[in-house]
There are 2 protein chains.
Amino acid sequence: MEMRKTSRGRPRSFDEDAVLDAAMRAFWEHGYEGTSVTTLESATGLKAPSLYGAFGSKEALYQSALERYASEHGAVLRPDGPAREAVAEFLLDAADRFSEGGLPPGCMISTAALGVGAAQRAVATRPAKMRAQTLDSIEQRLRRAVDDGELPPETDAAALARLVGAVIQGMSVQAIDGATRAELRALATVAMNAWPAAA
Amino acid sequence: MEMRKTSRGRPRSFDEDAVLDAAMRAFWEHGYEGTSVTTLESATGLKAPSLYGAFGSKEALYQSALERYASEHGAVLRPDGPAREAVAEFLLDAADRFSEGGLPPGCMISTAALGVGAAQRAVATRPAKMRAQTLDSIEQRLRRAVDDGELPPETDAAALARLVGAVIQGMSVQAIDGATRAELRALATVAMNAWPAAA
DNA sequence: GAGTTATTTTATCGATCGTTACAGAAATGG
DNA sequence: CCATTTCTGTAACGATCGATAAAATAACTC
């Protein structure tokens, strides 16, 4: 936990949060390999040494941008109430977020670093773990619904969780391809028809 | 249609089809930007001038590899028989293909060139058009099923087609993330529960 | 004001990117 | 055998990659 007692030396001329936000949008839109340091310079208005001084490296900046995305723009599965409504809300929320005006289309995590050079595969592990964690949290929510009797006991919670994840990932692809908010919401609604009949 | 009347000059020392296949696998696994010409050299065993002589450029080679993938490894929606069985077969076939041993995981088209540098966005248009075409062919197949009375008239064919596409795209992501064939097949099976009740 | 510390700017680093000149090698036609 | 044509390998091209050394600048402390 680094703690700057008093601010000595020349002060920063930029707002670190705003710069991180701009970098996040660049990575979000063009991916890791598609975003060069030159791109980041024009996106943030900073020069390379300032970026490196504040964030360490391009990879570290990407990871920070990922975390920021997850906390600021990530859809969350509401833990309370009926699971069916929580999942439906989750999917519709994602449809809205992926087609939000003023932001890049799609999800920064769902479809991040899928085809990446062998040299920098380390960059892909964090988004992959985030996807795995999302699948796991959905599955646990569904298992709870089974235990609560909301879902029939023969429900394949893991497979159903993968379906929900696939819908998210597919909506991300289709949003990037230009799908409208209405089309994504319709997709989400149709997907909910796969929800098992009540126990 | 270029036609070499008689073979003069030094003959090719390689099988063009085998080289294209090797290049396809490289692009399939690492994407366009993640596959360098050096990577292609070691994947094919050729030197750059031979590659350029045979295929023109890295981008042209990628496009050729894409077409080859589509014709050799692309799942197809069987046009005859009940639409429900055709779609179920389509999804299960994709699940198998995306987890086929000896080949890269996932789909070369479903998740290709999603985050790509602004400079080379032309590369992304062909895969995007292929995805759009897949969605369209599914939708038309579903519309036909509605007309035939297999699906209720109020069916949202476009949304259902997008769901099928999303499942494909999501399975591709999850295959890359390490999902097993059984997991993908279970996902496909659960997804089919979204199929509307008979008319 | 002098000295210290941190940031900014300028310029550049070596590595790699996609691509290609050029010369040697291997087949043809005369 | 000679000339021609085409391919292969070597070497290198300019551009860009991520990253940084060094100098100039702007705040602080004393």
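Hydrogens, waters and symmetry mates play no part in the numbers below; they use all other heavy atoms, side chains included. If you're wondering where the values come from, they're calculated on a predicted model, not measured in any experiment.
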**Message:** If you assign B:Gly9 and B:Leu46 each to the DNA chain D nucleotide with the nearest heavy atom, which residue ends up on the more 5' nucleotide?
**Reply:** B:Gly9
**Asked** CZ of A:Phe55 versus P of C:dT7: gap in Å, rounded?
**Response** 12 Å
**Request:** Answer yes or no: is there a side-chain heavy-atom contact under 4.5 Å between B:Phe27 and B:Lys58?
**Result:** yes
Between N or O atoms, less than 3.5 Å apart, protein on one side and nucleotides 12-17 of chain D on the other: list the pairs.
from	atom 1	to	atom 2	distance (Å)
D:dC17	OP1	A:Ser36	OG	3.4
D:dC17	OP2	A:Thr38	OG1	3.4

**Request:** With the side chain counted from C-beta on, respond yes when B:Arg141 and B:Arg144 share a heavy-atom pair under 4.5 Å apart, and no when they do not.
**Result:** yes
**Message:** Please tell me if A:Arg12 has a side-chain N or O lying less than 4.0 Å from either OP1 or OP2 of C:dT7.
**Reply:** yes
**Complete:** Whole-Å distance, B:Asp15 CG to D:dT8 C1', equals 17 Å
Side-chain donor-acceptor pairs of residues 72-88 of chain A under 3.5 Å, sequence neighbours excluded:
from	atom 1	to	atom 2	distance (Å)
A:Arg78	NE	A:Glu89	OE1	3.1
A:Arg78	NH1	A:Asp80	O	3.2
A:Arg78	NH2	A:Glu89	OE2	3.4

**Fill in**
Walking DNA chain C from its 5' end, the first of B:Tyr32 and A:Phe14 to be reached, judged by nearest nucleotide, is A:Phe14
**Request:** Check whether the side chains of B:Ser137 and B:Thr134 place a donor and an acceptor atom closer than 3.5 Å, and report yes or no.
**Result:** no
**Co-members of B:Leu92 in a cluster of I, L, V, M, F, W and Y side chains, linked at under 4.5 Å** = none
**Request:** Please determine if A:Asp147 and A:Arg143 form a salt bridge, counting it only when a charged side-chain N lies under 4.0 Å from a carboxylate O.
**Result:** no
**Any residue meeting ring pair (Phe, Tyr, Trp, His ring centres under 6.0 Å) with A:Tyr32, in chain and number order, not counting sequence neighbours** = A:Tyr62
**Message:** Expressed as a whole number of angstroms, how long is the span from B:Arg10:CZ to D:dT6:C1'?
**Reply:** 9 Å
**Prompt:** Of all the nucleotides listed (C:dT19, D:dG18, C:dT8), which has the minimum atom distance to the side chain of A:Tyr52?
**Reply:** D:dG18
**Request:** For D:dC7, take OP1 and OP2 only and decide whether either is under 4.0 Å from a side-chain N or O of B:Ser13.
**Result:** no
**Message:** Nearest whole Å is fine: how far is D:dG9 P from B:Leu51 CG?
**Reply:** 11 Å
**Asked** So, is B:Ser50 close to the D:dC7 phosphate, meaning a side-chain N or O under 4.0 Å from OP1 or OP2?
**Response** no
**Prompt:** Would you call B:Glu100 and B:Arg181 a salt bridge, using N to O less than 4.0 angstrom?
**Reply:** yes
**Item:** Co-members of the apolar cluster containing B:Ile176 [side chain, <4.5 Å]
**Value:** A:Leu114, B:Val173
Report, one pair per line, the protein and nucleotides 10-14 of chain C atoms (nitrogen or oxygen only) whose separation is under 3.5 Å.
none

